[in-house]
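Heads up: numbering here begins at 1 and tracks the sequence. Order of listing sets the numbers, starting from 1, for every ligand and every atom in it.
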Amino acid sequence: MYDLIIIGMGASGISAGIYAKRSGLKVLLLEQNMPGGVINKIASIENYPGFKSITGPDLATNLYDQVKSLNIPYKLETVTDVILDKIKTIKTNHNIYQAKYLLIATGRKPKFLGLEHEQELLGKGISTCALCDGAFYKNQDVAVVGGGSSALAEALYLANIVHKVYLIHRRNEFRGEEILIENVKNTKNIELILNEEITSLIIEDTKLKGLKLKNKELTVTGLFIYIGFIPNTDFLQNTNLNMENGYLIVNDKYETNIEGVYASGDVIKKDIYQIINASSEGAMAILNIIKQINY
Ligand code: NAP
């Protein structure tokens, strides 16, 4: 029996794990993919204090190293179901665990456009990770779709590698940060394609060769999709946790509507999705759990 199980080893789950372990709680971290979560896919982070500039994979490695150096128990297993009685039962693909408290910090995954052949072309022209796949498109023409900070930041990253980046956005205003918008506008090999939507993919020999938009066609060998995210809450389908569009609803103590179940990071419904607040929320959730245990 654990005091606390934390599902997810992104910035929020790991921050929570650090606070829990240092507070003497018997804690277990569970992660289905790579520790660091979505941070692994960010090319460059320049707004996280303590690092003037750091790559996502380097920050993820630092977080993982801290888990190991503090001897925080963790398992790389996929949670398939949870039973949220007074004692929380967590089923994974390999084991069943029990804990008095549960923190859900499972983050979210990239959204797709829903176009025909989109999934088959993943790794063959379509990507959700410029940092991972950008180098395959050296000196070629590629497109980025989306109008938030992710699309802007990754278009800037790709512009240093590829010949040309078409940045396709469905409106004529970006919702991303002003500094990124300015930088994109000042980058010669980024062409803005505004008020446009991709209607289909042009494929030749099972590879992407271009895009059909509503009003034109583009010849590109790569399409990088940055149109937002979907929260990772599928494994909670048998629970009565309050959610909105799949995001968990929490109060200012990071408590869900079920006693002893907390949530933090990108999986919760909130206004700002940044690494810094995901980390802070993980720590705050643990401090609130400790108060609950002690008083
Ligand atoms: P986001 O802010 O949700 O933006 C998603 C973009 O995709 C929007 O521009 C949206 O268009 C567009 N979109 C959504 N569905 C679409 C569809 N089906 N077809 C075409 N376009 C579609 O997502 P994000 O850019 O990934 O950012 C997520 C969070 O991370 C934000 O809070 C952001 O500030 C943060 N972030 C920060 C940094 C940084 O450097 N500080 C970097 C990356 C991300 P509309 O605008 O028309 O809705």
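- What sits closest to atom 11 (O) of ligand 1 on the protein, heavy atoms only, is Arg170 NE, 3.2 Å.
- Contact annotation for Phe174 and ligand 1: no heavy atom of the residue comes within less than 4.0 Å of the ligand.
- At a 4.0 Å heavy-atom cut-off, ligand 1 does not touch Ile42 at all.
- Considering every non-hydrogen atom in both Phe235 and Ile104, the closest pair reads CZ-CG2, 4.0 Å.
- In terms of protein heavy-atom proximity, atom 42 (C) of ligand 1 is closest to Ser149 CB, 3.6 Å.
- Counting protein heavy atoms only, atom 31 (C) of ligand 1 is closest to Tyr273 O, 4.1 Å.
- For His169, every heavy-atom contact with ligand 1 shorter than 4.0 Å involves the side chain, none the backbone.
- Taking each of Arg175, Arg108, Gln274, Glu177 in turn, the one with a heavy atom nearest to atom 34 (O) of ligand 1 proves to be Gln274.
- Ring pair Tyr262/Tyr101 is tilted by interplanar angle, where 30° to 60° counts as tilted.
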Side chain to side chain contact (heavy atoms under 4.5 Å, CB included) between Asn238 and Asp81, intermediate numbers included: CA-CA 7 Å; Asn238 296 326; Asp81 198 6; 3.3 Å; yes
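- Applying the 4.0 Å criterion to heavy atoms of Arg171 picks out, from ligand 1, the atoms 45 (P), 46 (O), 47 (O).
- Of all the heavy atoms of Asn47, the ones lying under 4.0 Å from any atom of ligand 1 belong exclusively to the side chain.
- Shortest contact from atom 7 (O) of ligand 1 to any protein heavy atom: Ile227 CA, 3.2 Å.
- Considering backbone and side-chain N/O of Gly147, one or more are found under 3.5 Å from N/O of ligand 1.
- Follow the hydrophobic side-chain contacts under 4.5 Å out from Ile5 and you never reach Ile87; the two are in separate clusters.
- In this structure, Tyr74 has its ring center under 6.0 Å from that of Tyr64.
- Between atom OH of residue Tyr166 and atom CG of residue Leu213 there is a gap of 10.0 Å, rounded to the nearest 0.5 Å.
- Taking CD1 of Ile90 as the reference point, atom OG1 of Thr80 lies at 10.0 Å (rounded to 0.5 Å).
- Under a 4.0 Å heavy-atom criterion, Glu46 is not in contact with ligand 1.
- Here the closest heavy-atom approach between residue Asn95 and residue Glu77 is recorded as ND2-OE2, 3.1 Å.
- Of the protein's heavy atoms, Ser150 OG, 3.3 Å lies nearest to atom 44 (C) of ligand 1.
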